[in-house]
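Read through the structure below, which is laid out as structure tokens, and then see the notes.
To find a chain, count down the sequence lines: A is the first, B the second, and so on, and within it residues start at 1.
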Amino acid sequence: MTSNGKAQTLFEKVWDSHIVREQSEDTPAVLYIDLHLVHEVTSPQAFAMLRERGLTVRKPQQTIGTMDHSTPTTPRDAAGIIPVADAMAAKQLDTFSKNCADFGIPMYALGDEHQGIVHVIGPEKGLTQPGMTIVCGDSHTSTHGAFGALAFGIGTSEVGHVLASQTLLQNKPKTMAITIDGKLGAGVTAKDIILAVIARIGIGGGTGHVFEYRGEAIRGLSMEGRMTVCNMSIEGGARAGMVAPDDTTFDYIHGRAHAPKGADWDDALARWRQLPTDDGAAYDKEISIRADELLPMITYGTNPGMGMPITGAVPSPAEESDYNKRIALDKALAYMELAPGQELLGKAIDVVFIGSCTNSRISDLRQAAQFIAGRKVADSVRMMVVPGSQQVKKQAESEGLHEIFRAAGAEWREAGCSMCIAMNGDQLQPGEYAVSTSNRNFEGRQGKGGRTFLASPLTAAASAVAGVVADPRPLMAAQN
Amino acid sequence: MEKLREVQGSIVAIPVNDIDTDQIIPARFLKVTDKAGLGKAAFCDWRYLDDGKSPNPEFVLNQPEYQAASVLVAGNNFGCGSSREHAPWALLGAGFKAVISTEFADIFRNNALKNGLLPVIVDHDTQQQLFSLAQEDPSTTVAIDVEEQTLSMPDGRRVDFPLDGFSKYCLLNGVDQLGYLLALEDEVSAFEAENPQRVVTTA
Ligand code: SF4
């Protein structure tokens, strides 16, 4: 609680402790940024601006770069190099290397043993810590909120602002508590929680807000599960999503490369324990969902809010009373070539993608591998498994997960964003259907004309084996 | 950034809700290292047929009578999805100076304002009226006054829209926000002196 005794939310505590200048009638607040993550796609124009204006990076030691979006994930050649076939991508990667070198920013280049998706490596290296402000020119920066950090995506102009000044102009967002009480059933995962939340509030439901995920089911999630939930906050329109730090958080951070050590650790812990929302603190909005009522979720449409329990049927535009929503649903079903009332279970698919900053961490790969072990990917399905970082890849390989995937007929790739955004040649062909563990099912997101069903790693693995959209639960029961 | 006091121009409507940034500019065009040429790729997957080259005659931005449009009227929640600033760059490149909707995604709105693309938030009825006007008469023009924060409809009705004071100041004076932040050097240094650095990435 603050000195004046006012009960505060987690968000308010982090916000207040980073104010360089208060918000006024005329100007937004000026917020100090503790950690700035940069990648090759949204930074070149910001570095160009610094050069034009003769500016330097104020805090290269609070900035870190990685290559992820336009990097290939194809296997290394005989010399251990990952070849970049696309000339524009190669130029973008070179530009990024030069920018980081010129401005003194540490960076994990393609092929480096610490390279990976920006939102996977921050937590992995212990850089993401409770109570920090973290930004990146990437909307899924919300992922880092799983640690009780205030983390959000910014545009390229703002990347330039943070590089040059380590601050940002921000209007204070509102808060929304999302409480998930009860326990998740077997086969229901963090991904299903967040898909259910977005289906409930809609993709604009959180605009202008920061989410705080609370409740027994959130407490019960691992850090990786919490990251999956926070990751997709932006899909509900919120720039940030947060979870109060607890022992699960501290255990995860302890011992990581950039975690505080010795006496610093004790100090940090004392600070972090003050962060959770005070009893009686108020949110601008609150919703709650029962975890025990959740089923595995899947999307049927062309935005992440168009989701349903996997046993459900595609809704009918005729039954949608809101005109705009009816038009949107019509358009989505036309793109997806699905009929109103159609069930998705049993729908033939072409591709399964396990990866992205939502679901490419070691626990995601373990879940999928455990399911796939001893089974075969259906002949009609191409299954790609793309670890989120080189470290995840290494860990998975030390556990033999790559052998399980390969034996089942899946592709085991290098780390990167891959088919989540289809910038690197990994993409769906027009008309193909994919079950994907990524976060966006927008038209063409995974390749022009491609059609995406978003789901959990378990549902993705079950669908890969079945060759059709499949509910993982019966098959899991058979396995046990 | 150039000063932006007023936008006057004809409108074109894409009455689709939740137009995401992947539609405004598909990710495969993000391999650029500058801002040039993105206008040609705006709404690429809606604008061209499956071969990626032939214009789709059904898509409104390809219709000759809308070629002069500089104000886009869109469905609810425009610009959701990724943080790519390439979205406003592409819209500006395609000749737009303002977008009208009932709601904008937060990051898109921030990005647009920093580039002099005006996001104009109106009520549902005004949006629907503009959709009809654009479809009935492609020469329909509107006038948007930044100082007054008003949108003047063809029938003379004036609709207020919200705009935060700081963004307005920056638009009217053609200044960007970085200058303001850099002038706070003393305050930032004082903050840093009081708050130890949380992590050292170079360590
Ligand atoms: S994995 Fe996908 S969503 Fe995540 S950072 Fe990469 S492109 Fe963005």
Next on the checklist: Quick check: under 4.5 Å, non-hydrogen atoms only, which of residues 102-117 of chain B neighbour chain A?
Outcome noted: E103(B), F104(B), D106(B), I107(B), N110(B), N111(B), K114(B), N115(B)

Checklist entry - Relative to chain B, which segment of N424(A) carries a heavy atom at a distance below 4.5 Å: side chain, backbone, both, or neither? => result neither

Next on the checklist: Measuring from atom CZ of F442(A) to atom CG of D45(B), what distance do you get when rounded to the nearest 0.5 angstrom?
Outcome noted: 13.5 Å

Checklist entry - Any salt bridge between R440(A) and D22(B), counting N to O under 4.0 Å? => result no

Item to check | V188(B) versus chain A, the contacting section by heavy-atom distance below 4.5 Å | outcome: both

Checklist entry - Which residue out of H18(A), R445(A), R21(A), E235(A) racks up the most heavy-atom pairs below 4.5 Å with chain B? => result R21(A)

Checklist entry - Is the count of non-hydrogen atoms from other residues, nucleotides or ligands lying under 6.0 Å from K331(A) atom NZ greater than 12? => result yes

Item to check | Residues in residues 80-99 of chain B that sit under 4.5 Å from chain A, counting heavy atoms only | outcome: C80(B), G81(B), S82(B), S83(B), R84(B), E85(B), H86(B), W89(B)

Checklist entry - In terms of heavy-atom proximity below 4.5 Å to chain B, should A164(A) be classed as side chain, backbone, both, or neither? => result both

Next on the checklist: Under a 4.5 Å cutoff for heavy-atom pairs, which residue among T42(A), I105(A), L127(A), L168(A) has the most contacts with chain B?
Outcome noted: L127(A)

Checklist entry - Are D20(B) and N303(A) close enough, and set up right, to give a side chain to side chain contact (heavy atoms under 4.5 Å, CB included), and what steps lead you there? => result CA-CA 9 Å; D20(B) 59 79; N303(A) 73 51; 6.0 Å; no

Next on the checklist: If I measure from the heavy atoms of chain B, does K59(A) come under 4.5 Å with its side chain, its backbone, both, or neither?
Outcome noted: side chain

Checklist entry - Side chain, backbone, both or neither: which part of D34(B) has a non-hydrogen atom closer than 4.5 Å to chain A? => result backbone

Next on the checklist: Between T63(A), D34(A), T95(A), who has the most heavy-atom pairs with chain B when the cutoff is under 4.5 Å?
Outcome noted: T63(A)

Next on the checklist: Below 4.5 Å, heavy-atom pairs only: which of S139(A), S17(A), P44(A) has the largest tally toward chain B?
Outcome noted: S139(A)

Checklist entry - Can you say whether I234(A) sits under 4.5 Å from chain B via the side chain, the backbone, both, or neither, judging by heavy atoms? => result side chain

Checklist entry - Out of curiosity, I19(A) CD1 to E187(B) CD, how far, rounded to the nearest 0.5 Å? => result 11.5 Å

Checklist entry - Can you say whether I421(A) sits under 4.5 Å from chain B via the side chain, the backbone, both, or neither, judging by heavy atoms? => result both

Item to check | N17(B)/I327(A) under side chain to side chain contact (heavy atoms under 4.5 Å, CB included): CA gap, chis, key distance, verdict | outcome: CA-CA 8 Å; N17(B) 278 4; I327(A) 300 295; over 6 Å; no

Next on the checklist: Before you tell me yes or no, could you show the steps for R28(B) and Q427(A) under side chain to side chain contact (heavy atoms under 4.5 Å, CB included), namely the whole-Å CA-CA distance, both residues' side-chain angles and the distance that decides it to 0.1 Å?
Outcome noted: CA-CA 10 Å; R28(B) 60 185 183 278; Q427(A) 64 189 59; over 6 Å; no

Next on the checklist: Checking F166(B) against L169(A) for the side chain to side chain contact (heavy atoms under 4.5 Å, CB included) test, could you report, in this order, the C-alpha distance in whole Å, the side-chain angles of both residues, the deciding distance, and whether it holds?
Outcome noted: CA-CA 10 Å; F166(B) 191 65; L169(A) 282 150; 3.4 Å; yes

Item to check | Toward chain B, the part of P60(A) with a non-hydrogen atom under 4.5 Å | outcome: backbone

Checklist entry - Which atoms of M88(A) come close to chain B, meaning under 4.5 Å heavy atom to heavy atom: side chain ones, backbone ones, both, or neither? => result both

Next on the checklist: With a 4.5 angstrom heavy-atom cut-off, is it the side chain or the backbone of E443(A) that approaches chain B, or both, or neither?
Outcome noted: both

Checklist entry - What part of S24(A) is in contact with chain B, defined as an atom under 4.5 angstrom from a non-hydrogen atom: side chain, backbone, both or neither? => result neither

Next on the checklist: If the contact rule is any heavy atom under 4.5 Å from chain A, which residues of residues 174-183 of chain B qualify, in numerical order?
Outcome noted: D176(B), Q177(B), L178(B), G179(B), Y180(B), L181(B), L182(B)

Checklist entry - What part of N324(A) lies closer than 4.5 angstrom to a heavy atom of chain B: side chain, backbone, both or neither? => result both

Checklist entry - Can you check whether M423(A)'s main-chain N or O pairs, donor with acceptor, with K31(B)'s side chain at less than 3.5 Å? => result yes

Checklist entry - If contact means a heavy atom pair closer than 4.5 Å, which residues of residues 54-66 of chain B contact chain A? => result none

Next on the checklist: Are there over 12 heavy-atom neighbours, none belonging to Y48(B), within less than 6.0 Å of that residue's OH?
Outcome noted: yes

Item to check | Proximity breakdown for V20(A) and chain B, heavy-atom pairs closer than 4.5 Å | outcome: both

Next on the checklist: Please rank G104(A), G155(A), S165(A) by heavy-atom pairs under 4.5 Å with chain B and give me the top one.
Outcome noted: G155(A)

Checklist outcome for this item: Residue from D264(A), D138(A), L93(A) scoring the most non-hydrogen pairs under 4.5 Å with chain B is D138(A)

